[in-house]
There are 2 protein chains.
Amino acid sequence: MTITVSGTHIGVPAQLPSPVPAAEYETCPVTEVLRRVGDKWTLVVLVLLGRRPYRFNELHRAIEGISQRMLTRTLRTLEQDGLVDREVHPTVPPGVEYRLSPLGTSLLGPLSALADWATTHHDEIAAARARGGQ
Amino acid sequence: MTITVSGTHIGVPAQLPSPVPAAEYETCPVTEVLRRVGDKWTLVVLVLLGRRPYRFNELHRAIEGISQRMLTRTLRTLEQDGLVDREVHPTVPPGVEYRLSPLGTSLLGPLSALADWATTHHDEIAAARARGGQ
DNA sequence: CGGGATCCGCGAGGATACTG
DNA sequence: CAGTATCCTCGCGGATCCCG
């Protein structure tokens with residue numbers, strides 16, 4: 001399927017199959033990226049690496065509450081998707097640096113648009129929750 | 001904390017506490033929005049409602065694979081956050097229409113920026129995966 | 001230092017049945 | 001038609017221990 005974009009709003013082509021095919025929706029690039037960046041730790045890792053390179057344990061200390069396992073998994077996934085570059089220095093003890101790839105850096109722009117929207121409209125969401133219950 | 005934005009990239013203020021506080025990260029508006037829109041069905045619901053209003057079962061038929069329960073939950077959450085308006089027509093049988101609120105519509109813009117990025121760079125991600133394994 | 005291996009709890013999400 | 005209620009599965013994410 002691939003959800004398409006035209007101008008300033010998300011558009012689904014007029015000839016969109018109805019119903020939206022389940023298989024194609026789940027493999028849709030937009031869906032994939034949102035689910036990835038919507039997981040628990042990816043955002044803060046991207047934000048930190050967007051500032052400067054980090055060593056593994058340095059990241060671990062910089063993100064309160066993240067487990068070793070999830071930091072590893074988050075970094076591995078980002079690396080596999082080409083968003084993060086991993087650089088090993090064969091010293092003793094070993095030093096591993098993580099940095100955003102150009103692709104990863106290019107993601108920060110659109111991500112910022114969403115972040116901007118979130119901070120701008122956060123009070124409206126809070127107000128709606130206060131009215132509606134929960 | 002609230003992840004801040006400056007210009008075209010996500011920035012964390014220089015005085016960002018290190019480590020990033022766990023509690024503040026989880027209640028950060030940006031984190032919340034990303035987790036919401038990153039769940040399984042929110043995106044496609046937003047996209048469809050972005051085109052026109054839908055009745056409940058109409059949506060149910062339009063989205064292959066979604067369970068009744070998850071459609072209800074997704075719509076309820078979107079409604080509570082003020083992104084979707086629910087309109088009940090007291091007819092027999094009852095008719096319920098869902099439409100995007102102005103707030104929900106305003107989300108489509110930044111969401112499109114991310115969707116645009118995803119479609120543009122999908123091949124690079126696929127290539128990275130092909131290289132890296134998995 | 002930078003992980004991998006293992007075990008486990010919990011909540012997202014699915015299936016089914018029932019209702020105003 | 002538009003849900004609610006119930007039960008169940010499965011994978012995300014945490015905790016802990018171990019290793020080169």
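Within every chain, numbering begins at 1; the chains are lettered A, B, ... in the order of the sequence lines, protein sequences first and strands thereafter.
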Quiz item: Rounded to the nearest 0.5 Å, how far apart are OG1 of Thr105(B) and CG of Leu46(B)?
Solution: 9.5 Å
Quiz prompt | Of Arg69(B) and Thr72(A), the one whose closest DNA chain C nucleotide lies more 5' | solution = Thr72(A)
Self-check item: From CG (Leu114(A)) to CG (Leu34(A)), nearest 0.5 Å
Solution: 7.5 Å
Quiz item: Within less than 4.0 Å of OP1 or OP2 of dG3(C), is there a side-chain N or O belonging to Tyr98(A)?
Solution: yes
Practice problem: Enter the distance from Leu100(B):CG to Ser106(B):OG here, rounded to the nearest 0.5 Å. | Solution: 9.0 Å
Quiz item: Quick one: Glu26(A) CD to dA12(C) C1', roughly how many Å, whole number?
Solution: 14 Å
Self-check item: Side chain of Pro93(A) (C-beta onward), nearest among dC1(C), dG13(D), dG13(C)
Solution: dC1(C)
Quiz item: Given axes from five pairs at either end, by how many degrees does the helix from dC1(C)-dG20(D) to dG20(C)-dC1(D) bend, rounded to 10°?
Solution: 50°
Quiz prompt | Geometric class of the Tyr25(B)/Trp41(A) ring pair [parallel <30°, tilted 30-60°, perpendicular >60°] | solution = parallel
Quiz item: Rounded to whole angstrom units, what separation is found between the CG atom of Leu71(B) and the C1' atom of dA12(C)?
Solution: 16 Å
Exercise. Please work out which residues in residues 56-63 of chain A have a non-hydrogen atom less than 4.0 Å from an atom of DNA chain C and list them by number.
Key: Phe56(A), Asn57(A)
Quiz item: Within this structure, what is the CD-to-P distance between Glu87(A) and dG2(C), rounded to whole angstrom?
Solution: 13 Å
Quiz item: Does a side-chain N or O from Arg76(B) land closer than 4.0 Å to OP1 or OP2 of dG3(D), or not?
Solution: yes
Self-check item: side-chain N/O Arg35(B) vs dG11(C) OP1/OP2, d < 4.0 Å
Solution: no
Quiz item: Between dA15(D) atom P and Met70(A) atom CE, what is the distance in whole Å?
Solution: 12 Å
Quiz item: Is a side-chain N or O of Ser101(B) found less than 3.5 angstrom from the main chain of Gly104(B), in a donor-acceptor match?
Solution: yes
Quiz item: Lys40(A) side chain: which of dG14(D), dG13(C), dG2(C) is closest?
Solution: dG14(D)
Quiz prompt | side-chain hydrogen bond (donor to acceptor under 3.5 Å, both in side chains) partners of Glu64(A), counting only residues at least two apart | solution = none
Quiz prompt | For atom CH2 of Trp41(B) and atom P of dG13(C), their distance in whole Å | solution = 10 Å
Quiz item: Do Leu103(A) and Ile125(B) have side-chain heavy atoms sitting under 4.5 Å apart?
Solution: yes
Self-check item: Integer-rounded Å distance: dG13(D) C1' and Asp39(A) CG
Solution: 10 Å
Exercise. Please work out if Arg55(A) contacts a base, only the sugar-phosphate, or nothing of the nucleic acid, heavy-atom cut-off 4.0 Å.
Key: sugar-phosphate
Practice problem: Would you classify Arg73(A) as touching base, sugar-phosphate or nothing, given that sugar-phosphate means primed atoms plus P, OP1 and OP2, and contacts are heavy atoms under 4.0 Å? | Solution: sugar-phosphate
Quiz item: Are the side chain of Thr119(B) and the backbone of Ala115(B) linked by a donor-acceptor contact shorter than 3.5 Å?
Solution: yes
Exercise. Hey, could you give me the OH/CG distance between Tyr54(A) and Leu71(A), rounded to the nearest 0.5 Å?
Key: 12.0 Å
Self-check item: Length of the line joining Tyr25(B):OH and dG13(D):C1', which is rounded to integer Å
Solution: 13 Å
Exercise. Tell me which of Gly65(A) and Gln68(A) sits closer to the 5' end of DNA chain D, going by the nucleotide each one is nearest to.
Key: Gly65(A)
Quiz prompt | Nucleotide dG3(C), atom C1' - distance to CD1 of Ile66(A) in whole Å | solution = 14 Å
Quiz item: So among Thr77(B), Thr31(B), Asp81(B), which one has a side chain to side chain donor-acceptor pair (under 3.5 Å) with Arg36(B)?
Solution: Asp81(B)
